[in-house]
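Heavy-atom basis, side chains included; hydrogens, waters and symmetry copies ignored. Order of listing sets the numbers, starting from 1, for every ligand and every atom in it.
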Amino acid sequence: MDEPAQTATADIEAGNADQAVQAMGFNPFDPAFREDPYPTYTALLQGEPVREGILGLFVLPRYADCVAMLRDPRSSNDQRNSEMFDAVAAAQSLDADTALMESQPFLFMDPPDHTRLRGLVSKAFTPRVIDALRPRIQAIVDDLVGAALARGSMDVIEDLAYPLPVRVISEMLGVPPEDHERFKAWSRVLAKSLDFEIVVPPEVLQQRLDAGEAFRAYFAELIAERRTAPRDDLLSALIAAEEAGDTLSEAELLTTCVLLLVAGHETTVNLIGNGVLQLLRHPAELQRLRDDPSLIRSAVEEVLRYDPPVRFTARIALDDIPIPGGVVPKGKQAILLLGAANRDPAQFADPGRFDIGRQDNRHIAFGMGIHFCLGAPLARVEGQIAIGTLVARVREIALAGAPVYREQITLRGLERLPVTLSGS
Ligand code: HEM
């Protein structure tokens with residue numbers, strides 16, 4: 001390990017929130033930031049376009065810079081290419097090449113492996129395939145909203161936002177309904193695996209690895225079942241691809257299933273939760289949507305722009321990468337603040353305004369380039385049906401307590417969103 005990495009290791013071992021503050025230029029753990037990061041984003045947007053923190057992290061708040069990094073073929077999503085990687089692995093006492101990397105999903109791979117694995121699942125997520133799921137998604141939402149209306153109250157997260165995506169992706173994969181509860185806990189732990197290693201204590205990292213193991217053991221059993229008795233589901237299709245040649249190893253198959261489950265619902269929970277909260281906070285926009293339900297598509301896009309479920313992503317420069325605001329030097333890791341970029345006045349008129357009819361809304365809540373969210377068509381349909389149905393079916397809806405944000409760094413979403421409601 002070279003000199004700077006050793007220094008970084010010492011820094012990390014001393015590690016606490018100060019590390020992240022220094023590295024990012026702000027404190028992602030601050031409860032005030034968790035609740036409302038937007039004043040900080042505004043300040044960052046007004047400051048230097050490229051901010052170098054410690055550990056060689058380059059923080060990019062501006063839209064044009066994030067887009068340039070996401071599109072550049074010299075941008076890597078494989079952590080092993082980062083100068084910081086050895087230091088982080090050492091600080092976490094992990095055998096970097098085994099424990100951490102063996103379980104990496106294709107989100108964290110570069111071409112050609114990324115291309116091969118994404119290609120195998122992409123057919124299941126085209127807008128046409130997803131559109132055909134609308135009636136099933138509508139039926140699930142009708143059940144959930146109907147039950148809440150009968151009670152007169154609901155926690156939007158627990159009673160709608162969480163169960164919907166988990167049911168949909170489980171049904172797509174072919175996971176039996178009686179098993180959904182079993183992997184809820186694993187999935188919650190794994191959602192944190194999107195959090196940056198330097199800010200995660202070793203015991204949490206261990207929990208992640210254990211949850212990943214439990215998940216893979218579960219899927220290994222299910223795969224064995226499907227091998228003998230294939231069904232009309234995504235899991236059987238992936239097994240068929242594996243059996244047809246050497247395009248997909250068993251380990252890759254397992255990791256892909258876990259990726260789809262984790263990426264496929266924790267984020268969508270936040271889209272629905274954040275969307276309902278923004279409508280409650282902007283009653284005129286809620287009324288506008290009630291008056292014109294056809295606005296639901298642009299309303300969901302505006303939620304994604306205004307309060308995106310994924311706060312940031314990262315890329316490693318394989319070479320010096322010139323971007324509009326400066327240069328990300330070779331080997332350095334850039335943090336792309338998607339939440340800030342979506343509020344960049346250079347890209348969006350009046351960015352602080354929540355406007356459900358906004359046109360020309362090219363937000364980057366789903367990223368951009370080769371890793372553009374595979375599940376975007378599904379997330380959009382789920383968000384449109386969940387939020388649209390709730391708005392159409394309730395006469396009155398009001399907050400019944402303070403919304404509570406989850407303690408996560410990468411994802412932004414609510415733990416609880418209690419409301420009272422009555423039918424129309
Ligand atoms: C509102 C909900 C969602 C949001 C905001 C979201 C956001 C994102 C973002 C920002 C990325 C790119 C990360 C990067 O470039 O580093 C991504 C990738 C991905 N998402 Fe989503 N996502 C959502 C829902 C879903 C759903 C429903 C699924 C699948 C069922 C899914 C599966 C994936 C996969 C597999 C990737 C990796 C794509 C690749 O590496 O080629 N996501 N998502």
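Nearest protein heavy-atom contact of atom 40 (O) of ligand 1 is H371 ND1, 2.6 Å. At the top of the distance list for atom 34 (C) of ligand 1, counting protein heavy atoms only, stands L374 CB, 3.9 Å. For atom 11 (C) of ligand 1, the closest heavy atom belonging to the protein is F366 O, 3.8 Å. At the top of the distance list for atom 10 (C) of ligand 1, counting protein heavy atoms only, stands A365 O, 3.3 Å. What sits closest to atom 25 (C) of ligand 1 on the protein, heavy atoms only, is A263 O, 3.3 Å. Of all protein heavy atoms, the one lying nearest to atom 27 (C) of ligand 1 is G264 O, 3.5 Å. Protein heavy atom at the shortest distance from atom 15 (O) of ligand 1 is R315 NH2, 2.6 Å. Taking atom 19 (C) of ligand 1 as the reference point, the nearest protein heavy-atom neighbour is C373 CA, 3.7 Å.
With a 4.0 Å cut-off on non-hydrogen atoms, T313 touches ligand 1 through its side chain and not its backbone. By the criterion of a heavy-atom distance under 4.0 Å, neither the backbone nor the side chain of I364 is placed next to ligand 1. At a heavy-atom distance under 4.0 Å, no atom of M172 approaches ligand 1. Contacts between I169 and ligand 1 below 4.0 angstrom, taking non-hydrogen atoms only, involve the side chain exclusively.
Here is the list of ligand 1 atoms found below 4.0 Å of a heavy atom in F106: 35 (C), 38 (C), 39 (C), 40 (O), 41 (O). Ligand 1 places these atoms under 4.0 Å from at least one heavy atom of A379: 1 (C), 2 (C), 24 (C). Within ligand 1, counting atoms from 1 as listed, the ones closer than 4.0 Å to a heavy atom of R118 are 38 (C), 39 (C), 41 (O). Interface atoms of ligand 1 facing G367, defined by a heavy-atom separation under 4.0 Å, are 10 (C). Those atoms of ligand 1 that come under 4.0 Å of a heavy atom in F125, given as number and element, are 29 (C), 30 (C). Residue contact check: N77 has heavy atoms under 4.0 Å from atoms 16 (O) of ligand 1.
Contact of the V328 side chain with the D65 side chain is not registered, since no non-hydrogen atoms from C-beta on lie closer than 4.5 Å. With contacts defined as side-chain heavy-atom distances shorter than 4.5 Å, the pair E407/E415 does not qualify. In this structure the side chain of P230 never reaches within 4.5 angstrom of the side chain of R226, judged on heavy atoms. Counting only heavy atoms from C-beta outward, the side chains of Q384 and I296 approach each other to under 4.5 Å.
The shortest heavy-atom distance from F108 to ligand 1 is not under 4.0 Å. Residue contacts with ligand 1 leave out P308, since none of its heavy atoms falls under 4.0 Å from the ligand. For the ligand labelled ligand 1, residue N270 lies outside the 4.0 Å heavy-atom shell. Ligand 1 lies nowhere less than 4.0 angstrom from a heavy atom belonging to M109.
Classification of R231 and D233 as a salt-bridged pair fails, no side-chain N sitting under 4.0 Å from a carboxylate O. Salt-bridge formation is not detected for the pair E158/R416: no Lys NZ or Arg NE/NH1/NH2 atom is positioned less than 4.0 Å from an Asp or Glu carboxylate oxygen. In this structure, R288 pairs ionically with D355, as a charged nitrogen and a carboxylate oxygen lie closer than 4.0 Å. Using a cut-off of 4.0 Å between Lys/Arg side-chain N and Asp/Glu carboxylate O, R51 and E48 are scored as not salt-bridged.
To the nearest 0.5 Å, atoms OG1 (T40) and CZ (F33) are separated by 5.5 Å. Rounding to the nearest 0.5 Å gives a distance of 12.5 Å between CG of L337 and CZ of R62.
Taking the six-membered ring for Trp and the full ring otherwise, Y306 and H282 have centroids separated by under 6.0 Å.
Using modelled atom types, one finds a donor on one side chain and an acceptor on the other under 3.5 Å when comparing T389 with Q138.
With V67 as the fixed residue, the side-chain contact (heavy atoms from CB on, under 4.5 Å) test singles out one of I364, I323, L60: I364.
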V175 and F219: side-chain contact (heavy atoms from CB on, under 4.5 Å), yes or no, with the steps?
CA-CA 9 Å; V175 172; F219 272 115; 4.0 Å; yes
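The residue from I370, L411, T267 that puts a heavy atom closest to atom 24 (C) of ligand 1 is T267. Within the set L259, L271, D110, the minimum heavy-atom distance to atom 1 (C) of ligand 1 is found for L271.
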